[in-house]
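Letters go in sequence order (proteins before strands), and every chain restarts at 1.
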Amino acid sequence: GRRLRLFHFLFEMLQDPSMAHCLSWAPAPPGVFSFSSRNKDQVAALWGQRKGNKRPMTYQKMSRALRNYARSGHIFKVKKKLTYQFSRDTLTSLQKGHG
DNA sequence: GGCAAAGGGAGTACAA
DNA sequence: ATTGTACTCCCTTTGC
């Protein structure tokens, strides 16, 4: 069975226009996205629900996982507040997986 | 000084 | 049952 990964879930949310109040792509460069300061916990809560967690997920806990992605090379933090960037390879493979 | 955001060590859940 | 991965939890530090 294939397990859902956080970076995949975030990519899904970024493709959904109804989630734009929570997180959205930056105009440029490609792969850069940022969370809304007001609604960042909403996307985190959805992530926790999707995983079937018993306790609610928060942005604080979710962002720890995002920091781990710097080690694996999936996503990097950028200097801007609440802003991250998918690596080029990760972005490419995510775009393949979703038509 | 106070809050939101970022950083990181240690523990947990799950699948192989 | 063991083990490695991918988070999850909570405390500390930073920056505005």
| field | A:Thr90 side chain reached by A:Tyr69 side chain, heavy atoms, under 4.5 Å | value | no
| query | Between A:Lys79 (NZ) and C:dC16 (C1'), how many Å, whole number? | reply | 18 Å
| query | How long is the line joining NZ of A:Lys81 and P of B:dC3, in whole Å? | reply | 15 Å
| message | Within the structure provided, determine whether A:Leu91 and A:Phe11 are in side-chain contact (heavy-atom separation under 4.5 Å). | response | yes
| request: Please state how far atom NZ in A:Lys77 lies from atom C1' in B:dA4, giving the value in whole angstrom units. | output: 12 Å
| field | Between B:dA4 (C1') and A:Asn39 (CG): distance, integer Å | value | 15 Å
| d(CG, A:Asp41; P, B:dA6) in whole Å | 12 Å
| said: I need the CD1-P distance between A:Ile75 and B:dG7, as an integer number of Å. | reply: 14 Å
| request: Ignoring hydrogens and angles, state whether a donor on the side chain of A:Thr92 or A:Arg88 is under 3.5 Å from an acceptor on the partner side chain. | output: no
| query | Which class fits the ring pair A:Phe33 and A:Phe86: parallel under 30°, tilted 30 to 60°, perpendicular over 60°? | reply | tilted
| remark: Per-nt protein contacts along nucleotides 4-11 of chain C (heavy atom under 4.0 Å; B base, S backbone sugar-phosphate only, - none) come out as --SBBBBB
| query | What's the CZ-P distance between A:Arg38 and B:dC3, to the nearest Å? | reply | 18 Å
| remark: Separation of B:dC3 atom P from A:Leu82 atom CG, nearest Å, is 18 Å
| message | Once you apply a heavy-atom cut-off of 4.0 Å, does A:Lys54 come out as touching a base, just sugar-phosphate, or nothing? | response | nothing
| Pairs flagged by side chain to side chain donor-acceptor pair (under 3.5 Å) wherever residues 36-49 of chain A is involved - sequence neighbours left out | A:His21-A:Gln42
| message | Distance alone, cut at 3.5 Å: any donor-acceptor contact between the side chains of A:Asp16 and A:Ser18? | response | yes
| Considering the terminal five base pairs at each end of the helix from B:dG2-C:dC16 to B:dA16-C:dT2, what angle separates the two local helix axes, rounded to 10°? | 0°
| query | Do A:Ser63 and A:Tyr84 have side chains that get closer than 4.5 Å, going by heavy atoms? | reply | yes
| message | Are the side chains of A:Phe9 and A:Leu46 in contact, using a 4.5 Å heavy-atom criterion? | response | yes
